[in-house]
Amino acid sequence: MAETATRSLPLSGIHGGSATVRLEPAAPATRIALRVAMEDVGTLSGALGVDLPVRPKTSAFANGRTALWLGPDEWLVIDEGESGLMTAAANSGATHSAADVSHRNTAILVSGPGAADAINAGCSQDLSLEAFPVGACSRTLFGKAEIVLLRTAEDAFRVEVWRSFSDYAFGLLAEGARDAAL
Amino acid sequence: MLLIHCPYCEEDRSELEFRWAGEAHIARPENIAAISDEEFAEFFFLRNNEKGLTYERWRHIHGCGRFFNAARDTVSDRFLLTYKAGLPKQPVPVAEKFAAIAEEKSVETWEQTEGDAR
Ligand SMILES: [Zn+2]
């Protein structure tokens, strides 16, 4: 009988891409879906150690944590290290709603000169650097799956997707990557 | 692709990200238990379903998740205006309205093509 449980990511071991796009699963991360009223944004920002952005389509990064604006009172906060996100939010003392969605989401890292084209194979948003600069983020659709897209560099994106859609998203990205290299 | 301006995201997005959510500016009765069956039917079931300029609720469900209001021409499918939920009914700018009417005239409607054939 096994004595330790091993965590296996939904896309564990998968890899793909093309001559211009690299696709790989992101490392495990802790995530919370956060809802906060405007007057408490400052308090929660202080508690989490990252300023919750209040402008549409923007994100902020500090102390190993990324806060992504999803809506006027809604954020996705991602911590790639050892996290205390839920505890930090709970200790803020301000009214909020935080749901641990670490295992609901998984992420695919898309990079390379064809990265934007590969994503545009299933996403209608303008991913030019003018419309979607580094740090821009948005909840949107990729094919038939809802994703949260974050631009981490000029030629790199993080695609957050619900785990049950991850095979579909990876498959469609792989096709987009092939097309982007043509 | 039809683009819809989300007043919360402050930009045009593909219609794929949105979902229709019925007629706008229908006030829920303050004391719903006190109204008559006829009044309830009027509030709950009956919609105007107007041809032309209508005010509708839309939701940016695959974006910011917000409900908002839109003035839309149901003949041309043109969005004339969108604005945040909670605001009173907004007038449609005149220029937009005339452009919509001009477009309407060039849209092939059932009455134009089939109306006399019955
Ligand atoms: Zn929106």
Side-chain angles (χ1 to χ4, degrees), chain A residues 33-38 41 52-59 67-76 97 99 101 104-105 119-133 135-151 159-162 165 168-169 172, chain B residues 1-28 55-74 76-90 92-93 96 99-100 103 107:
Chain A
L34 183 67
R35 305 292 300 266
V36 190
M38 197 46 77
V41 165
L52 299 173
V54 292
R55 293 282 312 141
K57 234 170 75 170
T58 58
S59 68
L68 295 83
W69 187 97
L70 296 186
D73 63 357
E74 186 180 1
W75 293 264
L76 175 67
S97 151
V101 294
R104 182 195 73 180
N105 285 20
I119 293 164
N120 274 146
C123 176
S124 59
Q125 286 209 25
D126 182 353
L127 298 182
S128 66
L129 279 163
E130 297 74 51
F132 210 93
C137 65
S138 176
R139 183 158 52 194
T140 183
L141 278 177
F142 180 65
K144 298 205 179 276
E146 188 175 283
I147 59 165
V148 173
L149 185 63
L150 169 69
R151 186 173 220 142
V159 176
E160 285 275 328
V161 60
W162 288 25
F165 292 105
Y168 168 81
L172 190 53
Chain B
M1 177 175 289
L2 179 63
L3 297 175
I4 301 173
H5 185 87
C6 174
Y8 294 96
C9 293
E10 298 169 6
E11 65 175 14
D12 292 351
R13 296 283 188 84
S14 157
E15 60 170 312
L16 298 172
E17 293 186 1
F18 297 83
R19 190 166 296 171
W20 183 75
E23 196 175 317
H25 301 296
I26 293 170
R28 187 179 168 83
Y55 285 83
E56 298 170 324
R57 296 168 80 227
W58 281 74
R59 187 178 183 199
H60 194 186
I61 188 162
H62 296 301
C64 63
R66 292 281 118 175
F67 285 90
F68 59 91
N69 295 322
R72 189 172 69 93
D73 186 318
T74 55
S76 64
D77 276 345
R78 217 177 117 100
F79 279 79
L80 307 173
L81 184 72
T82 59
Y83 51 97
K84 290 182 178 178
L87 291 176
K89 193 180 267 194
Q90 302 290 301
V92 172
E96 287 271 20
E103 191 176 331
V107 169

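Residue numbers begin at 1 in each chain, while the letters A, B, ... track the order of the sequences.
Contact check on Arg55(A) versus Glu10(B) returns a salt bridge, with a Lys/Arg side-chain nitrogen under 4.0 Å from an Asp/Glu carboxylate oxygen.
The line from CG of Leu16(B) to SG of Cys123(A) is 9.5 Å long, rounded to the nearest 0.5 Å. Note that CD of Glu11(B) and OG of Ser138(A) are 7.0 Å apart. Values are rounded to the nearest 0.5 Å. Between the NE2 atom in His60(B) and the OG1 atom in Thr140(A) there is a gap of 7.0 Å [rounded to 0.5 Å]. Here the CG-SG distance, from Asp73(A) to Cys64(B), works out to 9.5 Å after rounding to the nearest 0.5 Å. In this structure, the separation between CD on Gln125(A) and CD on Glu17(B) is 5.0 Å, given to the nearest 0.5 Å.
Using a 4.5 Å heavy-atom cutoff, the side chains of Pro72(A) and Arg66(B) are in contact.
A pairwise comparison of heavy atoms in Ile61(B) and Glu146(A) identifies O-OE1, 3.7 Å as the closest pair. For Trp69(A) against Tyr8(B), the heavy-atom pair with the smallest separation is CH2-O, 4.0 Å.
Summarising the local packing, CZ of Arg19(B) is surrounded by 12 or fewer heavy atoms from other residues, nucleotides or ligands at distances under 6.0 Å.
The choice from Ser14(B), Gly63(B), Cys6(B) that makes the most heavy-atom pairs within less than 4.5 Å of chain A is Gly63(B).
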